[in-house]
Amino acid sequence: MRRLAGLLLGWAAAAAALPIHAPVPGGVAVVDLGPADAPAPEARLGEQRLAVVRERGRWHALLGIPLDTLPGELEIRVLRGSTAQDLAVPVRPKNYPEQRLSVKNRRHVEPDPEDLARIEREREITDAVKRRYSDLVPDTALALPASGPLSSRFGLKRLFNGQPRNPHAGLDVAAGTGTPVRAPAAGIVADTGDYFFNGNTVFIDHGQGLITACMHLSRIDVRRGQRVAKGEIVGAVGASGRVTGPHLHWAVILNNTPVDPELFLAPR
C-alpha cells in the first residue's frame, strides 16, 4: 500500500508547475535534484522539510528563503535512502521599497496590554499552522484568489503612522467588500479565525509545507478540516483587522517562510 501511495504521489507531482526561481530574501529557490526515474528524495533546511515536486521528468526541491536572510549561501540536505548529500544554494541580495501607511485605530499600531496578550495567543496558533507539513501533492501553479489589480507588493518596508513595523509579508489585491475570494489551489482548510492584525482569515494547506492565507475577509465560508477545490469560494473581501480600507491580503508560506506570492502565479 505504501509503495502504491508513493507511485500515485509521484504521478500526481508530474503535473506540478514550478514557481519562478528567485533565490533572494523572500523568494524561492528551485533546486534541481536530478532525474525522476528514482523515488522522490527528501530535502531539508535544518530540521524543516522542503517540498519536492516533479516537473518534466526531474525532481525539484522548493526552498522558501526568509526575508531576513543575508546574501551568501544556504545549505540544504538531500536524502536518497541511506545516502545524504549537502547542496549549497546561493542567495542574492534584494532591496525592497518603503511604504508609509496611516491607520486610524491607534491600537493596531500601539496595542494595549490586553491586545498584546491576544496577539501572543494568536501567534502561537498561526505559527503552528505555518509549520504544517502534509503529504498532499501541492499544485504550485496558484491562481490569484480575488479579481482586482495588485496593489501593495510583497516585501515592502512598512511604517504605520510613522513607526516601523514588520515588512509586508503578502500580496494585496485591490477589491471591494464582498468580492468573492477563492482557493488558489486545492487543499485542506488548516484554520480559520478572526485575528487582531489579520482580521477574518482562512489558512489552506496545499501540501508539503505550502500554505496560503487569505486575510481581512468580510466573511468566512469554509470550516477547519474542509477540503476545497481550486477556485472554490472560501470567503469575501473585507476590511477586518489592521487595514486602511477593503482589500485582500494574500500570503504564501513555504517551509514555514512567507515568500512572494507572485512567484507562484499562473499567467493571468
Side-chain angles (χ1 to χ4, degrees), residues 10 13 16-98 123 126-135 137-142 153-158 164-171 205-213 251-265:
L18 298 174
I20 296 171
H21 176 62
V24 298
V28 176
V30 179
V31 184
D32 191 330
L33 301 182
D37 52 4
E42 183 178 312
R44 292 181 177 270
L45 175 66
E47 297 299 316
Q48 181 68 50
R49 193 167 174 181
L50 306 180
V52 174
V53 298
R54 190 170 71 181
E55 172 72 4
R56 298 187 180 182
R58 300 186 71 81
W59 293 117
H60 300 269
L62 306 182
L63 170 63
I65 302 172
L67 262 171
D68 59 0
T69 302
L70 297 176
E73 290 184 346
L74 292 176
E75 188 171 82
I76 66 171
R77 173 153 290 195
V78 181
L79 304 171
R80 295 180 175 88
S82 59
T83 302
Q85 178 188 16
D86 292 328
L87 296 178
V89 180
V91 178
R92 304 192 303 259
K94 181 177 177 65
N95 292 317
Y96 292 94
E98 187 179 278
R123 181 179 293 116
T126 57
D127 284 353
V129 171
K130 294 172 185 177
R131 289 194 300 268
R132 284 174 62 118
Y133 185 97
S134 67
D135 290 328
V137 178
D139 174 3
T140 56
L142 303 181
R153 270 11 198 237
F154 176 88
L156 291 172
K157 301 172 183 176
R158 297 183 303 171
R165 291 296 183 265
N166 291 333
H168 192 231
L171 174 66
D205 177 1
H206 303 285
Q208 297 193 43
L210 178 61
I211 312 288
T212 62
V252 174
I253 296 100
L254 183 65
N255 53 265
N256 195 23
T257 299
V259 295
D260 187 351
E262 290 188 68
L263 301 176
F264 289 82
L265 283 178

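Everything numeric in this text was worked out from a predicted model, so none of it was measured.
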Check: Checking Asn255 side chain against Leu50 main chain: does a donor-acceptor pair fall under 3.5 Å?
Finding: no

Next item on the list: Return yes if some donor-acceptor pair links the side-chain N/O of Glu42 with the main-chain N/O of Arg49 below 3.5 Å, else return no.
Entry: no

Rounded distance (nearest 0.5 Å) linking atom [atom1] of [X] with atom [atom2] of [Y]:
X      : Y      : atom1 : atom2 : result
Ile253 : Thr212 : CD1   : OG1   : 7.5 Å
Asp127 : Arg132 : CG    : CZ    : 14.0 Å
Ile76  : Gln85  : CD1   : CD    : 9.0 Å
Leu142 : Glu262 : CG    : CD    : 12.0 Å
Asn256 : Gln48  : CG    : CD    : 5.0 Å

Compare every heavy atom of [Y] with every heavy atom of [X], then report the nearest pair and how far apart it is.
X      : Y      : result
Gly64  : Leu254 : N-CD2, 3.6 Å
Val52  : Gln208 : N-OE1, 2.8 Å
Leu87  : Val78  : CD1-CG2, 3.7 Å
Ala251 : Ala169 : CB-O, 3.8 Å
Leu79  : Ala84  : CD2-CB, 3.5 Å
Leu45  : Glu75  : CD1-O, 3.5 Å

Checklist line | Partner of Leu263 under side-chain contact (heavy atoms from CB on, under 4.5 Å), chosen from Thr140, Ile20, Val30, Val252 | finding: Ile20

Note to self: Run Phe264 and Leu210 through side-chain contact (heavy atoms from CB on, under 4.5 Å) and show every step you take.
What the structure shows: CA-CA 11 Å; Phe264 289 82; Leu210 178 61; 4.1 Å; yes

Note to self: Quick check: do Pro258 and Leu67 have side-chain heavy atoms less than 4.5 Å from each other?
What the structure shows: no

Item checked: Leu33/Arg80 under side-chain contact (heavy atoms from CB on, under 4.5 Å): CA gap, chis, key distance, verdict -> CA-CA 10 Å; Leu33 301 182; Arg80 295 180 175 88; 3.8 Å; yes

Note to self: For a side-chain contact (heavy atoms from CB on, under 4.5 Å) check, start with the C-alpha distance between Leu171 and Arg153, then their side-chain angles and the critical distance, and finish with the verdict.
What the structure shows: CA-CA 5 Å; Leu171 174 66; Arg153 270 11 198 237; 3.8 Å; yes

Checklist line | side-chain contact (heavy atoms from CB on, under 4.5 Å) between Leu18 and Leu62, worked out | finding: CA-CA 9 Å; Leu18 298 174; Leu62 306 182; 4.3 Å; yes

